[in-house]
Structure formats: C-alpha cells, structure tokens
Trainee: 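Can you read through this structure? Questions will come right after.
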Amino acid sequence: MKPDIKEILDNCIKAIESGEKTVEECLHIYKDRRSELEPMLTAATKLVNAGKVLPFPARKQEIRDKLVAAADEKHWEEGLEREAIKKAPAGIMRLRTTLVRISLITAVFVLIGGTTLAMAKESLPGSPFYPVKLALEKAKFELARDDDTRKRLYVSAAEERLSELKRIESDSEYYQDLVLSIAEKIEMADATLDNEEYEEEFNELIRKNKDVLEGVLEKAPEKAKPAILNALKNISTDNQSERRTDAQKNNEQENGKDSGVVNKESRPGGIAKPSQGNNGGSSGEGARKPGNDKIPNNIETPKPQNNTPLKQFNSNDFGSRGPIKGRE
Amino acid sequence: MDNILNEKELIDRAKNYDAEAFGQLYDLYFDKIYGYAYYKVGSRFDAEDITEQVFLKALEKISGFEWRGVPFQAWLFRIAANLVNDYYRARRYKMVDIDDETELEVDGGQGPEESTIKAIERKEVIEAIKTLTEEQQQVIIMRFIAGMSNEEVAKAINKSVGAVKALQHRAIGMLGRVLGEVYNEARY
C-alpha cells in the first residue's frame, strides 16, 4: 500500500526538526514522491528558519511585573473572602453571589432580613454570615460616589478587621489572613489620605490599636509587616513632632520669643508627615517622656520579599476590581 | 512527567492567585504565545499588547480553569486566538504594514545584516501565512513557531491528530507554492 503523503510529510518534518535527517535525505528515502514532497519540505524549512521571534526583554519583564502585581492584588482582594466562602454553606454562597452581582445596598436590605444583617454585622471569620458581611462592605465600596467616601470606608474596614482580630484567638486559622487584610486596608487608607479630617481619624485608629498592632507584628506574615510598621512609625513621629513643638514653644516662651503664630504641626490633632532625620536639636526633656514609643524612631520598614508593593495605588484603584482591563 | 506535575502544582497555586506561581507560568508560556501573536498580526507592538492581554485574561479566568479539560497551554492559545480575532475585528480586518518592523528585530547574537535578512525572510513567511485559512494558520504557527506537537495542537484547536496532519499537509502545500513563487521572483 502506498504510504499516505500526510504521514510522509509529518515524519519528514519531525526528522528534519530533530536534526535526525536533512531535507535531501528525506527526499532520497521517498524519491518516488520527490516532486510532490520537495516544495513542501522547502516551505517547512523556511518556516523553521523564520523561527522564533523574541520580545524585547525589557517589555517582557515589564509585562511580567504588571501581571505579578495584578495576581498579588487579586490574592489580597479574594483571599480572605474566598476562604470564608469555601467554608460557608451553599445557601450563604448563593446569597453572597447574588449580593455581589446586584451591588446595590438597598437591594441587600430588601433581600436579607434585619436579623440576618445584624448577625452578619457581628460575625467573625469562619461564620456562615461572614461572607454576607464582606459582600456588604464590598457593595458599599462600589456604591461610594467619591474618593473621600471610599477613603473613609477603608478606615472603617480597617477598624472592623482590627475589632475582629481582637475577638479571635491568635492560633485561629483565620488569624494570618485577617492580619493581611488589616495591613492591606491600612496601606490603602494611609497611602491615599490627603484630607486632614480623615487622616486624623486614621491616625487615631492606629493610636487606639497601637498595642494590638505591635502585638501582631511577631506573628504577622512578612508581606503585612511594612504597612503595619509604617502606620506605627507615622503615629510615633506624630507624637515626637508634637512633643518637639511643645518643647520649642516652652523654649520660645522662656526666651520671650512667643510670636503667637501657631504652625500646622502644633495644632492639636494636626497633620504631621513623618519627618526624616533632623530632630531640630530642641527635643529637650519633652522628647524623653517615659512610655511614649515602643517603636523606635529609626525603625527600618522591611520591604516585601518579592519586591512587589502590597498594592500599587492610583486614583482608579478605588472601587475598581483591579487593573485587569482585558477585552471581553 | 515531572514537568506536568510541576505545571499542575503551579496551576493549582495560580488558581489561588499565587503571584509567584503565575509568574512561573508566564515564564513558561510567554515566548510561545508571543510568537503566535506576532505571526498572526505581524507587529511586535501589537503582539506584545495581545500577549499581555492573554495573561491578564488568564489571571481573570484562572479560578474557573479545570485541569481535566483542556491542557493549560491549549487554554492559553484559545484565549490568544480569541484576542487575535478581537484585534482584527477592532481594526476591521485592516492588515498591518509590517515594513516598519524590520528595523526592530532583536534576534540574539546576530549582526545587523543577518538580522535584516532574517527579518525579510520572516516578512515573506508572514505574508505567505496570511494566504492560508484560519485553521491552517493556527496549525502552522503552533507547529512551527510555537514548537508544539501534533497532539498539543489538536487539543488547542479541538481537532483530532489526524485532522491536524491533514491541515498541516494542505497548509504546507499552499505555502510551498506561495514561497516558491517568492523565491523564484527574487531569483530572476
């Protein structure tokens, strides 16, 4: 039986690709099909020779970085919620899916009764109502009309996670995820706050939970540490700024230089961005009050291990589902 | 076998949005998908954009990926094929002028002259591939550019291995005629 030309061609291509045979050797083997086979093998050789085209390495790396950051962001967004959903009964999962899909807070109130809502509000990770609580939070984010509202929601979400953390055992299977979620909310709020009122609200939250945050540092996943340490460092620097200003004022009063001008840092609750290095040489006794700072001023904020920030922020981040803008 | 096991493990981790696992899958498949996109659209820049979209889309959809169904590589190629179709739909089938691409070749270790010759040959091949049917193009690019086996191509385009061989035969027959003409024109 005459061999099938498709099989002959395929065998020859494989042999040529692997370097086992040359075109001429193949043509010699199948010499009775030479006229038919030759142009095809020449074309196949041209295809192989045209070969691989390589992308620009820098662009390849750029796309990789973007993808890894997007995966990281997805992990942050979905991780805790998915864990909770996995452990939730099927009915609760369906309810959560519906909630996310409609994304309307009013519909949430219509669909689930007041009791369920109240239970969801008080729920902790692991509870069947916890996914409802997260869905409600997400719906609020999606409904927020402006950045200010979203910023406030981040602070509020951070507060809620902290409250949950205080109520679960440190050996709970949800502990690490919760710490990660806190770090994420803190970082999102901290990196975007530009309104004095919200910033003070945020700093107050950190101050109030300073002990809790310092306590979790030991067990916190590496990725969560930079955001928590940074927030603690900020309030630590705030305290020092205020103390320094008090000391300066005292000196000025002693020297009869009280000009009556109150600068931004000296306002009670005013905004003081972390200052670098110079303490102004006027720290005096006021800067050494006992028990003020467990976090040293020269603390080094560790970088995430993979050099990827927890989040890459821009104004479009709020309320978006991440940077994925794939073509549907 | 180890590769398959490793890939399965990577995919399982990537389904939980493990960034490192996703990065490794990207390293494994980027060049193949990029090569496919390049030979389909004939432009480096557009091929880069399409490849980026393929992986972002894969990230978006990976939680629904089932290992038992289509192999991951085939799944990626299906995403790529859809995005290439979208690309041409968006451009209303306007073909890309690949003349501008010549100067951008970056084949490693080649001098500018060799690189230019290679780019011209590649341009001929791309033009010849465009004369094929959609299915023939898929088979030729996956087999010869992405270096996939007949079995892998069959899974990616949802055909039997026999059908892939038949498509390959017809496609190469056509390319033989087209590239032969190009060769003869250049010669005389």
Side-chain angles (χ1 to χ4, degrees), chain A residues 4-14 17 36-57 59-79 82-83 223 304-306 308 321-328, chain B residues 14 16-23 26-27 30-31 34-35 38-39 44 47-48 51-57 59-60 63 82-83 86-87 90 104-108 118 121-122 124-126 128-129 140 143-147 150 162 165-166 168-169 172-180 183:
Chain A
D4 182 0
I5 187 68
K6 294 194 287 289
E7 292 297 330
I8 294 174
L9 177 67
D10 195 50
N11 291 340
C12 282
I13 288 169
K14 282 177 186 164
E17 273 181 331
E36 198 180 355
L37 205 51
E38 191 171 11
M40 290 198 280
L41 290 184
T42 307
T45 310
K46 277 212 168 207
L47 282 170
V48 173
N49 287 343
K52 274 188 180 174
V53 55
L54 298 172
F56 292 109
R59 178 75 176 121
K60 185 177 173 182
Q61 186 61 42
E62 186 190 320
I63 298 172
R64 190 186 198 281
D65 292 344
K66 202 189 276 188
L67 186 78
V68 166
D72 234 1
E73 187 169 351
K74 275 281 217 185
H75 183 76
W76 278 86
E77 280 183 359
E78 305 287 329
R82 248 167 357 101
E83 279 305 309
K223 276 182 178 177
Q305 279 175 331
N306 60 1
T308 308
R321 296 281 308 147
I324 297 165
K325 295 180 180 68
R327 293 170 216 183
E328 291 296 339
Chain B
N16 288 319
Y17 303 116
D18 179 324
E20 195 193 322
F22 216 91
Y26 173 91
D27 295 338
F30 183 92
D31 288 355
Y34 175 78
Y38 177 76
Y39 275 87
R44 280 182 179 275
E48 282 166 2
T51 311
E52 180 179 356
Q53 290 299 322
V54 168
F55 283 96
L56 287 173
K57 183 74 96 181
L59 175 65
E60 199 180 339
S63 60
N82 287 335
L83 287 170
D86 289 352
Y87 167 87
L104 297 170
E105 298 296 315
V106 283
D107 293 307
K118 187 113 182 169
E121 284 175 358
R122 191 171 286 152
E124 286 170 12
V125 169
I126 291 171
I129 286 175
I140 291 299
R143 275 288 283 116
F144 291 94
I145 311 303
N150 288 332
K165 285 181 185 173
Q168 175 180 263
H169 170 242
I172 291 186
M174 172 65 84
L175 288 176
R177 285 192 288 279
V178 175
L179 290 171
Y183 178 72

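Keep in mind that what you see is a predicted model, and the values were worked out from it rather than measured. What you see below is based on every heavy atom in this structure, not just the backbone, and it leaves out hydrogens, waters and symmetry mates. Note on naming: letters A, B, ... go to the chains in the order of the sequence lines (proteins, then strands), and numbering restarts at 1 for each one.
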Trainee: With only heavy atoms counted, which part of A:Glu17 is less than 4.5 Å from chain B, the side chain, the backbone, both or neither?
Mentor: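 The side chain, not the backbone.
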Trainee: Is it the case that the side chain of B:Asn16 and the backbone of B:Asp18 share a donor-acceptor pair, with hydrogens and angles ignored and the cut-off at 3.5 Å?
Mentor: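 A pair under 3.5 Å: no.
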Trainee: A:Glu7 versus chain B, heavy atoms under 4.5 Å apart: side chain, backbone, both or neither?
Mentor: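 Interface part for A:Glu7: side chain.
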Trainee: Is chain A contacted by the side chain of B:Phe55, its backbone, both, or neither, given a heavy-atom distance below 4.5 Å?
Mentor: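 The answer is both parts of B:Phe55.
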Trainee: A:Asp10: what forms a side chain to side chain donor-acceptor pair (under 3.5 Å) with it, not counting sequence neighbours?
Mentor: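 Scan of A:Asp10 (side chain to side chain donor-acceptor pair (under 3.5 Å), adjacent residues dropped) gives A:Lys14, B:Asn150, B:Gln168.
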Trainee: Among B:Phe30, B:Tyr34, B:Phe22, who wins on heavy-atom pairs under 4.5 Å with chain A?
Mentor: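 Counting heavy-atom pairs under 4.5 Å, the top option is B:Tyr34.
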Trainee: Are side-chain heavy atoms of B:Arg44 and A:Arg59 found at a separation under 4.5 Å?
Mentor: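 Side chain of B:Arg44 against side chain of A:Arg59, heavy atoms only: no contact under 4.5 Å found.
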Trainee: For the residue pair B:Tyr38 and B:Thr51, establish whether any side-chain heavy-atom pair is separated by less than 4.5 Å.
Mentor: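 Result no, sub-4.5 Å side-chain heavy-atom pair not found.
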